[in-house]
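Working notes for the structure below.
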Amino acid sequence: MARKTMVQAINEAISLKMQDDSTVVVMGEDVGVDGGVFRATDGLFEAFGAERVIDMPLAESSIMGSAIGMAINGLKPLVEIQFMGFLYQGFDQLLNNAARWRHRTLGQVGLPMVVRMPYGAGVRAVEHHSESTEAIIAHVPGLKVIAPSNPADAKGLLISAIEDPDPVVFLEPKRLYRIKKEEVPEDLYRIPIGKANVVNDGTDITLVAWGGMVPVCLDAAKHAENQGISTEVLDLRTVSPFDLEAIIKSVEKTGRLVIVHEAPRSFGVGAEIAALVGERCLLHLLAPIKRVTSYDIVPPLLKLENYNYPNAERVVRAIQQTMEF
Amino acid sequence: MARKTMVQAINEAISLKMQDDSTVVVMGEDVGVDGGVFRATDGLFEAFGAERVIDMPLAESSIMGSAIGMAINGLKPLVEIQFMGFLYQGFDQLLNNAARWRHRTLGQVGLPMVVRMPYGAGVRAVEHHSESTEAIIAHVPGLKVIAPSNPADAKGLLISAIEDPDPVVFLEPKRLYRIKKEEVPEDLYRIPIGKANVVNDGTDITLVAWGGMVPVCLDAAKHAENQGISTEVLDLRTVSPFDLEAIIKSVEKTGRLVIVHEAPRSFGVGAEIAALVGERCLLHLLAPIKRVTSYDIVPPLLKLENYNYPNAERVVRAIQQTMEF
Amino acid sequence: MKSDLMQILNEKGQCSKKPDLTLDQIKELYRRMVLTRTWNDKALSLQRQGRMGTLGSVKGQEASNVGMAFPLQKDDWFVPAFREFGALFVRGVSLKDQFRYWNGDERGGQMPAGSNITPTQVIVAGQLPHAAGIAFAKKIKKEPGMVLCALGDGATSQGDFHESMNMASLFNLPVVFVVQNNGWAISMPVHKQSASPTLAERAASYNMHGARVDGNDVFAVYEIIKKYADRARKEQKPALIELVTYRLSDHTTADDASRYRDPKEVAMWQKRDPIDRLRKYLQESEKWSDADEKAMVEQISQEVEDAVTEFESVTPMQPQEMFANMYHTLPWNLVEQQKEVMELYNGGEVK
Amino acid sequence: MKSDLMQILNEKGQCSKKPDLTLDQIKELYRRMVLTRTWNDKALSLQRQGRMGTLGSVKGQEASNVGMAFPLQKDDWFVPAFREFGALFVRGVSLKDQFRYWNGDERGGQMPAGSNITPTQVIVAGQLPHAAGIAFAKKIKKEPGMVLCALGDGATSQGDFHESMNMASLFNLPVVFVVQNNGWAISMPVHKQSASPTLAERAASYNMHGARVDGNDVFAVYEIIKKYADRARKEQKPALIELVTYRLSDHTTADDASRYRDPKEVAMWQKRDPIDRLRKYLQESEKWSDADEKAMVEQISQEVEDAVTEFESVTPMQPQEMFANMYHTLPWNLVEQQKEVMELYNGGEVK
Ligand SMILES: Cc1ncc(C[n+]2csc(CCOP(=O)(O)OP(=O)(O)O)c2C)c(N)n1
Ligand SMILES: Cc1ncc(C[n+]2csc(CCOP(=O)(O)OP(=O)(O)O)c2C)c(N)n1
Ligand SMILES: [Mg+2]
Ligand SMILES: [Mg+2]
């Protein structure tokens with residue numbers, strides 16, 4: 001085991017899968033010679049050559065669409081979209097074609113493709129570099145959405161995603177790309193899609209989060225525990241289909257739920273979680289479900305961005321309000 | 001007052017606004033000479049000429065993008081997207097530009113544009129002709145989403161949308177386009193955006209719907225009333241920002257809520273409504289909030305489509321289950 | 001028609017050169033074209049009777065449809081849009097399945113196993129990047145064969161057209177893009193659709209070969225597709241072919257073309273009918289008799305009628321089949337929903 | 001450089017013909033170019049000190065930047081991408097505001113009232129349809145003037161490029177698309193980006209005029225833009241202009257170009273520096289003295305330093321300003337959220 005950043009873990013996952021399965025090809029803008037603007041594909045061009053690590057022209061729709069074509073014809077494309085803000089140039093192909101191919105062919109042809117992209121805040125750049133629009137993708141039947149929260153999960157989940165027979169959108173919280181190194185097993189291991197992970201045990205209240213918000217919740221949980229509130233933190237890992245069973249199990253225990261996400265609140269993923277828990281655990285709820293999220297605005301540029309994204313302080317406040325209800 | 005179908009009412013709204021305001025221009029595929037594939041723009045080309053009723057090349061991204069340019073430079077473009085399934089070719093421009101222009105220019109330049117499109121089931125056509133993805137648009141800060149449920153509302157809401165200083169997505173339930181004629185006032189009148197309409201008074205349970213599902217709910221309400229269940233039906237009219245106050249008012253009265261939508265359930269608009277009501281009316285709820293929706297699948301072609309969309313039977317079933325909770 | 005249009009078989013049924021086809025092949029082309037029209041007419045008539053969903057007719061485009069698919073080989077892929085049933089039939093799709101598909105039964109949209117045909121693509125130009133990707137995979141896997149991608153004139157306006165052309169050329173992909181320029185994209189005539197006077201000349205700006213042929217002349221269509229398909233297979237080079245043809249019918253059964261186009265234009269194109277001219281050629285040059293004609297027409301009519309009977313007697317889909325192919329393994333939400341549907345409609349009818 | 005490249009001022013500072021500019025105008029061009037580079041260098045140095053956000057440098061593109069904006073008139077619009085600060089300064093944007101913008105203060109992104117400049121567009125090629133639409137509105141409203149739309153070589157691969165070109169030509173819109181072909185789109189050299197050997201020749205397939213000039217020669221840039229801007233104003237005709245220039249720096253401060261390009265290429269282009277050659281021209285043909293140079297450089301440095309001081313002393317934005325311009329009238333959810341932010345951060349600092 002070596003200590004690795006999340007980007008390094010991702011790089012390792014890709015590299016191992018490319019060695020393991022010759023049908024895996026990497027494609028996207030600047031993924032080849034440059035190794036990706038975040039270096040997630042560093043060294044792969046040298047190791048696997050230009051036919052398996054493809055520097056594509058600057059055109060997201062045809063990147064997505066040609067990946068579909070490759071998957072139709074037996075490859076497993078691993079697409080990098082440079083930032084989630086640029087996904088929407090290629091969204092029509094994702095929504096109207098990638099998501100529907102298995103259905104359209106009546107199960108004859110599934111598309112084992114993965115679309116990776118950094119999402120959320122974390123670089124001090126201009127507009128469109130901090131987006132978190134997983135709710136939009138999650139609403140598309142036929143897709144899966146994953147968002148890891150630490151290096152070891154990123155590796156295991158990415159390997160599972162590449163091996164998954166259906167299209168997976170893999171959201172990488174760029175704020176965690178290099179924030180710290182953690183132990184990452186060396187081998188080719190999988191973390192199951194659709195299963196949540198209890199990252200902090202607790203009995204008074206449940207926090208549900210994924211990707212970049214998990215550390216914020218862990219931080220908030222510490223503060224809450226200092227105040228005597230035993231806080232369970234559930235890392236969803238998979239945003240769609242999310243692990244409803246694990247959420248219900250925890251809420252049945254705690255009776256209280258706060259959902260934390262980096263995306264705007266309205267019509268976000270938190271709403272679906274709240275709606276289902278409300279539907280299925282109404283009588284267990286000791287307080288209304290709260291959502292701590294970004295606001296319903298364009299993600300601010302760097303000067304104001306920290307006022308927009310959930311932080312431990314806001315999560316603790318929501319925990320307190322829920323406890324006091 | 002004359003009796004009109006919804007398409008005729010829409011046509012009248014556009015025509016009146018074009019007479020009233022010379023900056024209104026209509027643009028889209030087949031909207032000119034042909035009068036639109038549903039005839040919503042019938043006669044406008046003859047009345048207002050090729051410079052105000054523009055037959056655009058088959059390219060949704062530049063239709064949306066050039067409408068933005070027109071709005072920047074003082075026009076009020078009224079874009080027709082032929083079917084909601086084809087919106088996503090132009091979605092990047094809607095999400096990354098139209099929705100953000102006022103914000104990006106710090107309030108200097110708002111975009112008074114409307115993007116109309118037929119949505120939902122109702123034509124016996126191939127794939128991509130029955131989509132209902134309002135949740136995706138509603139999640140985009142900076143946009144508004146409207147879906148009328150009858151001819152008179154369609155006219156009044158469309159006039160309000162055209163006059164609105166911000167970009168509005170106007171969803172027309174194609175299943176109601178010609179289903180019946182109703183009284184439509186002749187003049188240029190407005191129905192306010194963001195306000196719901198109680199279309200059936202009741203005290204036992206609240207149904208919330210919009211667009212094509214309102215008649216289904218009215219039908220279900222009749223059945224329920226025959227069974228002695230007094231059912232309030234709220235027609236949202238505006239999907240985003242929706243009239244939370246009206247929903248809460250009704251739920252505080254009835255204590256029970258069923259949300260009905262034509263879109264797939266998961267991560268749909270119903271989730272946001274349920275989440276907010278759960279958050280703000282928890283103690284008023286006598287039963288869990290139910291959602292009656294399409295399933296999380298690709299809209300089926302005509303043979304199976306009626307099994308997918310909510311019908312009165314399914315709504316009545318949900319009403320009963322809620323009453324019996 | 002523009003003089004720069006390659007033509008072999010003219011409207012009078014005369015050939016400027018001997019086509020590079022055996023008599024049997026020519027008869028087969030003819031049979032396929034008549035079959036396509038017969039199927040098409042039948043589908044339209046079923047639609048009028050409420051026995052078929054909304055449908056786009058290929059009438060007038062039979063030479064383009066059949067001629068483009070004829071030169072394809074086993075390893076080749078065919079990537080259609082939605083107005084190519086004639087080509088699908090050549091590639092082995094059954095008449096019955098196309099009836100089912102257009103009547104809203106998903107099962108009819110499934111292409112025969114191993115046929116290397118992608119499903120009907122309704123998103124205009126959406127199929128172009130798929131074709132490029134399939135060709136890319138061929139190249140990466142060093143597979144033989146090429147990819148033929150069909151599109152309409154309207155599709156050339158879409159961003160996906162541009163991106164795919166650029167990509168195909170940059171990576172030298174074995175893909176041939178074939179535009180059926182039928183003059184119209186619903187109500188938009190091609191001169192209002194495309195700023196380039198011909199569509200074929202778009203090829204130059206991608207450093208690609210382009211060609212423009214009479215799309216109602218099946219010999220010309222066959223020859224040009226064969227030439228560029230061979231080139232793609234051998235040299236891994238893409239190309240853009242424009243087939244100049246005409247949509248004789250409305251855009252679909254939901255359309256009324258009399259609102260936007262001059263009947264004189266339609267009449268003019270009727271004289272250029274692809275089937276009539278091939279029949280004349282056969283009659284005049286190949287001793288095709290009235291009896292031959294009659295026998296063939298009867299056989300085809302029977303084939304189509306049989307397909308109708310077959311298609312109308314298939315077991316209806318079960319409601320729960322809506323869910324079956326959303327994922328390899330259904331997630332919990334779909335499992336629940338499928339269960340609900342089975343409870344609701346178990347054997348019964350939806351209201 | 002390719003021989004088909006229009007050039008007036010060569011790398012040695014010699015002119016092939018007298019530029020159609022007064023001496024004062026030439027000096028102003030020179031001053032603007034030096035100002036652009038000075039601002040640029042300052043911004044990069046602030047970035048290294050953590051006093052500036054991620055930023056793309058225009059170093060090497062000053063002639064293109066300044067030359068494209070110089071011929072614009074009051075009624076004209078300028079629709080930029082993101083690597084045109086030099087042009088923005090010419091059109092009246094303040095040095096201070098650009099500092100603010102790139103340091104993540106939205107207020108700096110607001111263009112001066114009435115300047116007819118659209119905000120920085122980060123979505124590659126996203127601005128092209130806007131430019132077409134602004135030009136369309138001009139045409140509909142019968143307004144004078146034209147629209148100049150800037151883009152990079154990478155942007156030509158996007159669907160929005162194609163769709164906008166087609167549309168501009170079909171409707172005869174008064175818009176000129178100017179590609180700063182700086183050789184690279186992050187790590188992609190233009191020959192891997194575009195299948196057409198030159199970008200200007202793409203114009204032909206849209207039945208549009210195209211031109212290709214030395215983008216490091218401010219006289220050529222000025223002349224070609226002036227010519228096509230005049231034509232657009234008078235004849236309502238679009239055009240596509242390629243300015244062949246070079247990105248001397250990394251793509252942005254977050255990039256490391258040494259990973260993907262040969263330092264020899266950079267060195268070669270350094271010899272073609274647009275500022276050096278104009279200085280040589282001024283010195284040799286227009287009696288520009290060392291003292292003139294020194295005075296100008298000092299004045300510019302002072303101007304830039306003043307802008308830094310000013311930009312660093314503006315009142316910070318208040319958190320609640322995040323909401324202010326989402327809609328003309330804030331809906332209830334934003335009113336609530338704004339209130340929450342005011343409660344949370346009222347005067348205080350975010351943790
Ligand atoms: C992206 C998209 N936009 C709009 C439509 C609606 N539509 C269906 S066919 C068509 C015209 C297509 O014209 P063309 O490509 O020439 O093909 P043809 O119908 O003539 O075969 C349009 C606009 C669509 N299917 N997809
Ligand atoms: C739609 C989209 N995709 C990707 C990016 C990321 N990106 C920013 S600049 C750039 C390269 C642009 O190249 P070019 O158009 O030549 O402009 P230059 O940077 O050379 O000025 C890329 C890929 C983006 N901003 N927008
Ligand atoms: Mg056509
Ligand atoms: Mg560039």
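Note that these values count all heavy atoms, side chains included, but never hydrogens, waters or copies made by symmetry.
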Query raised in the report: Is a side-chain donor or acceptor of B:N96 paired with a backbone partner of A:G85 at a separation under 3.5 angstrom?
Result: yes
Query raised in the report: Does a salt bridge link B:R104 with A:E127, judged by any charged N lying under 4.0 Å from a carboxylate O?
Result: yes
Query raised in the report: Are A:L282 and B:L282 side-chain neighbours, meaning at least one heavy-atom pair lies under 4.5 Å?
Result: yes
**Report entry** Non-hydrogen side-chain atoms of A:L95 and B:E131 separated by less than 4.5 Å
**Finding:** no
Requested in this report: Considering only heavy atoms and a distance below 4.5 Å, find which of A:H103, A:E60, A:Q89 pairs most often with chain B.
Outcome: A:Q89
Report task. Could you tell me which of A:A271, A:C281, A:G142 has the largest number of non-hydrogen atom pairs under 4.5 Å with chain B? Result -> A:A271
Query raised in the report: When rounded to the nearest 0.5 angstrom, what is the spacing between OG in B:S266 and CG in A:L276?
Result: 6.5 Å
Query raised in the report: Counting only heavy atoms not in B:K253, do more than 12 sit closer than 6.0 Å to its NZ atom?
Result: yes
**Report entry** Side-chain touch A:H139/B:V269, heavy atoms, less than 4.5 angstrom
**Finding:** no
Report task. Below 4.5 Å from any heavy atom of chain B, which atoms of A:F325 appear? Answer side chain, backbone, both or neither. Result -> side chain
Query - Contact origin within A:L283 toward chain B - heavy atom pairs under 4.5 Å - result: side chain
Report summary line: If you tally heavy-atom pairs under 4.5 Å between each of B:G278, B:A274, B:A138 and chain A, the highest tally belongs to B:A138
Report summary line: Assert top hit (heavy-atom pairs under 4.5 Å, partner chain B, pool A:G268, A:P241, A:G270) equals A:G268
Query raised in the report: Between B:E279 and A:R265, is there a salt bridge with N-O shorter than 4.0 Å?
Result: no
Requested in this report: Select, from B:F86, B:F91, B:Y295, the one with the greatest count of heavy-atom pairs under 4.5 Å involving chain A.
Outcome: B:F91
Report summary line: Rounding to 0.5 Å, atoms CZ (B:F267) and CD1 (A:I273) come to a distance of 7.0 Å
Query raised in the report: Should we count CD of B:E245 as having more than 12 external heavy atoms under 6.0 Å?
Result: no
